[in-house]
Amino acid sequence: MTLLYLGLTLLLSALVLLFISSRQRRHAGLPGGRVIYTDTRSWGAVEKPLYDANLGLTGKPDYLVRQKEAILPVEVKTSRSPEAAYDSHIFQLAAYCLLVEKTYRKRPPYGIIHYPARDFAVDYTPDLENTLLDVLANIRRDEHRSQVKRSHEDGHRCQHCGYRTVCDQKLD
Ligand code: SF4
């Protein structure tokens, strides 16, 4: 039952983050990340998901990298490398930064999104954290609703969405 709950939390989190990420980014002026070089040899695989009971949040970054005193989450994406990190990927990484801070009592200064052709460092700023906390509050509010309105007019996003077959608000 606990596993089911965790899985459901992840599913809802991913869904709602995708719904509202572009709107939140516009409001928050989120950075798209800065291109960096990373040495993948220092990346360590994460064995267990990180979990914070107070926020009802769980997630497993692909890697953690230790740099001096800092622990940085790394999220690996296999999609085409964009000019700036995608909003939904930034929020996912921010959630990992939050979970790293809760788990290890060390606040990551930034996290890394790894695309096939380039890596982005995304600063884990107080603004990004606050926006993420707003997103999580919205998730908690919306997860008890039978209907959550679509927050975008992006048909391309709907065409590639994994929830398309069950979504009654998809765009053609
Ligand atoms: S199909 Fe479109 S509206 Fe529905 S969840 Fe996916 S992106 Fe959102």
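Indexing begins at 1, ligand by ligand and atom by atom, following the structure's order.
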**Student:** With heavy-atom distances below 4.0 Å as the criterion, list the atoms of ligand 1 near Cys167.
**Tutor:** 1 (S), 3 (S), 4 (Fe), 5 (S)
**Student:** Assess whether a salt bridge exists between Glu69 and Arg66, defined as any Lys/Arg side-chain N lying under 4.0 Å from an Asp/Glu carboxylate O.
**Tutor:**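 The answer is no: the pair does not qualify as a salt bridge.
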**Student:** Please confirm if an N, O or S atom belonging to Cys161, backbone or side chain, lies less than 2.8 Å from atom 2 (Fe) of ligand 1.
**Tutor:**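 So Cys161 does not count as coordinating atom 2 (Fe) of ligand 1.
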**Student:** Measure across Asp172 and Gln159 and return the closest heavy-atom pair with its distance rounded to 0.1 Å.
**Tutor:**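 In terms of heavy atoms, the two residues are closest at C-NE2, 3.9 Å.
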**Student:** Side chain or backbone of Cys158 under 4.0 Å from ligand 1, or both, or neither, by non-hydrogen atoms?
**Tutor:** both
**Student:** Is the closest basic N to carboxylate O distance between Glu47 and Lys60 below 4.0 Å?
**Tutor:**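 Salt bridge: no.
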**Student:** List every atom of ligand 1 that sits less than 4.0 Å from any heavy atom of Arg150, numbering the atoms from 1 in the order shown and giving each element.
**Tutor:** 3 (S)
**Student:** Looking at Tyr115, Phe120, Tyr96, which hits ring pair (Phe, Tyr, Trp, His ring centres under 6.0 Å) with His89?
**Tutor:** Tyr115
